[in-house]
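To keep things clear, I will list the structure first and then write my remarks on it.
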There are 2 protein chains.
Amino acid sequence: MIKLTHAEENYLKAIYQLSEAGKKGVSTNDISAEMKTKPASVSDMLRKLGEKEVIEYRKYYGVHITEEGKKFALRTIRKQRLWEVFLVEKLRFAWDEVAEVADELEHVQSTILIQRLDEYLGFPKFDPHGDPIPDEYGDVRSRPRLPINEIDINGTGQIVAVKDSSAAFLRYLDKVGAYIGARIKVLEKVEFDGSIEILVDNKKTIFMSKDVAANILVMV
Amino acid sequence: MIKLTHAEENYLKAIYQLSEAGKKGVSTNDISAEMKTKPASVSDMLRKLGEKEVIEYRKYYGVHITEEGKKFALRTIRKQRLWEVFLVEKLRFAWDEVAEVADELEHVQSTILIQRLDEYLGFPKFDPHGDPIPDEYGDVRSRPRLPINEIDINGTGQIVAVKDSSAAFLRYLDKVGAYIGARIKVLEKVEFDGSIEILVDNKKTIFMSKDVAANILVMV
DNA sequence: TTAGTGATTTAGGTATATCTAAATAAATAT
DNA sequence: ATATTTATTTAGATATACCTAAATCACTAA
Ligand SMILES: [Mn+2]
Ligand SMILES: [Mn+2]
Ligand SMILES: [Mn+2]
Ligand SMILES: [Mn+2]
């Protein structure tokens, strides 16, 4: 049976998520940026992950995650997101405060711990950022969702997730009053810079840049 | 500010607990046995802990923990015991199943996490094995307690802790029906081998060896 | 089609945490 | 008081996970 270290789990999760985002092979530099380590360290790690056959690694041509690798990555992601739910729902963490702690908790090794946590939380399907929680077999049920900037004028929907989970972005959303579950309607799209005005819960209007809008995901 | 690695935290906790048990300096071999590492590895670690001034280390003469070291050890112990309470109270772990998992969870770095966990658990004062949980300043309020074999015939009391927290011992206690909180009365002490018969909750009698009795702590 | 640039890997180094085997200090027994 | 035993440390290795600097590969632009 393959065993992964904490560092290997972190890299593999990053590789999985980068490959989901981009579809094609993931580059050393992308991983380096995501992991905040130097490209040289990434090359080292890719060799090791290749040997463990959780990625397919061709020098100079980026990596692809294997089926086996996906299973490991999804297991880590499941743990991360369950712990995020725990921190928010049970320990009253804000959604911008969970990243660091969940990034440690996700490495605790215990199958029963995760099963029990899942049960204790009521088998949540989504984490505090709207991201789907894989089940124990690695199945992810993802909802169809669109960034706000791709919604037509007068189109309506419900905020279901954020693409960027950085503390800075999340705190900004808190400040302007955008949150998961909010019902929105697109009131105006400025041709010039793509900025957008939305109505939240039929009460409040929010102006946002195209950049912000692109990071808020809505179910129509 | 001193930073300790996971391994250093584990060693320091072991050293603290061994020195509490024995009072005098702790030997390399004792630590080696407790940590399940070789004496050579312990020597290495002692040098490092000495440099960080959490222990006082004189080669060949064992170690003493410093005041600074005690603070760190008690912080780790606090975290371990709070997580043990969480696992038992919230996730329905048995008291013999928590050791391994809590031994990982105790290393998660987040002051707020522990404060919130403490609050969430209702500020418990004792862990599932009856051991006191230090407060956030490292103060431990320990109850006076005696091993059953030191109680006189017809003496009564309440089981408040176990000295040995190994899964084997705890499962044995489950089997014979001894548990934290049980009210007991010493019915007989066999002169020959020190074995003891007790009455539990005025209902059930249990025979136990002196060895077992010595590991069950009672408040009189 | 080749020179140059940027991406990537390799080489060599540090720090942590372990090990085995050898050396040495301390404790014990004769 | 010395020899033997036991405890402990040191020496030298391995494995992980990083780093910087140098080398090398791949792609692109002339
Ligand atoms: Mn992580
Ligand atoms: Mn999340
Ligand atoms: Mn531990
Ligand atoms: Mn305990």
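Within residues 99-110 of chain A, no residue is approached by DNA chain C to less than 4.0 Å at the level of any non-hydrogen atom. Listed in residue order, the members of residues 50-60 of chain A having a heavy atom less than 4.0 Å from DNA chain C are A:Y57, A:K59, A:Y60.
For the residue pair A:T37 / A:Y11, a side-chain donor-acceptor distance below 3.5 Å is found, with atom types taken as modelled. Between the side chains of B:S27 and B:N29, no donor-acceptor pair of N or O atoms lies under 3.5 Å. Counting only N and O atoms by type, the side chains of A:S209 and A:D211 include no donor and acceptor under 3.5 Å apart.
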For residues 123-132 of chain A, which side-chain N or O atoms pair as donor and acceptor with protein atoms under 3.5 Å away, sequence neighbours left out?
from   : atom 1 : to     : atom 2 : distance (Å)
A:K125 : NZ     : A:F123 : O      : 2.9
A:D127 : OD1    : A:H129 : N      : 2.6
A:D127 : OD1    : A:G130 : N      : 3.0
A:D127 : OD1    : A:D131 : N      : 3.0
A:H129 : ND1    : A:E84  : OE1    : 3.3
A:H129 : NE2    : A:W95  : O      : 2.8

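Interatomic distance, CD1 of A:I112 versus CG of A:L117, reported as 12.0 Å (0.5 Å rounding). The CG atom of B:N10 lies 10.5 Å from the CD atom of B:E34; values are rounded to the nearest 0.5 Å. For the atom pair CD1 of A:I31 and CD1 of A:I15, the computed distance is 4.0 Å after rounding to the nearest 0.5 Å.
The phosphate of C:dA17 (OP1 or OP2) has a side-chain N or O of B:K48 nearer than 4.0 angstrom. Between A:N29 and C:dG6 there is no side-chain polar atom (N or O) within less than 4.0 angstrom of OP1 or OP2. Remark: A:S43 is not in phosphate contact with C:dT10, judged by side-chain N or O atoms under 4.0 Å from OP1 or OP2. For B:T5 and C:dA17, the shortest distance from a side-chain N or O to OP1 or OP2 is below 4.0 Å.
Both A:A40 and A:A7 lie near DNA chain D, and the one whose nearest nucleotide falls closer to the 5' end is A:A7.
Residue B:Y61 places its side chain closer to C:dA26 than to any other of C:dC19, C:dT8, C:dA26.
A heavy-atom distance below 4.5 Å is not found between the side chains of A:I114 and A:E136.
Annotation: cation-pi pair B:K90/A:F86 absent, no NZ/CZ under 6.0 Å from the ring centroid and within 45° of its normal.
Using a 4.0 Å heavy-atom criterion, one finds that B:T37 contacts the sugar-phosphate atoms exclusively.
With sequence neighbours left out, A:E51 forms a side-chain hydrogen bond (donor to acceptor under 3.5 Å, both in side chains) with A:R47. Shown here are the side-chain hydrogen bond (donor to acceptor under 3.5 Å, both in side chains) partners of A:E9, two or more places apart in sequence or in another chain: A:H107, A:Q109.
From the 5' end on, the contacts that DNA chain D makes with chain A at under 4.0 Å to a non-hydrogen atom open and close at D:dT16 to D:dC27.
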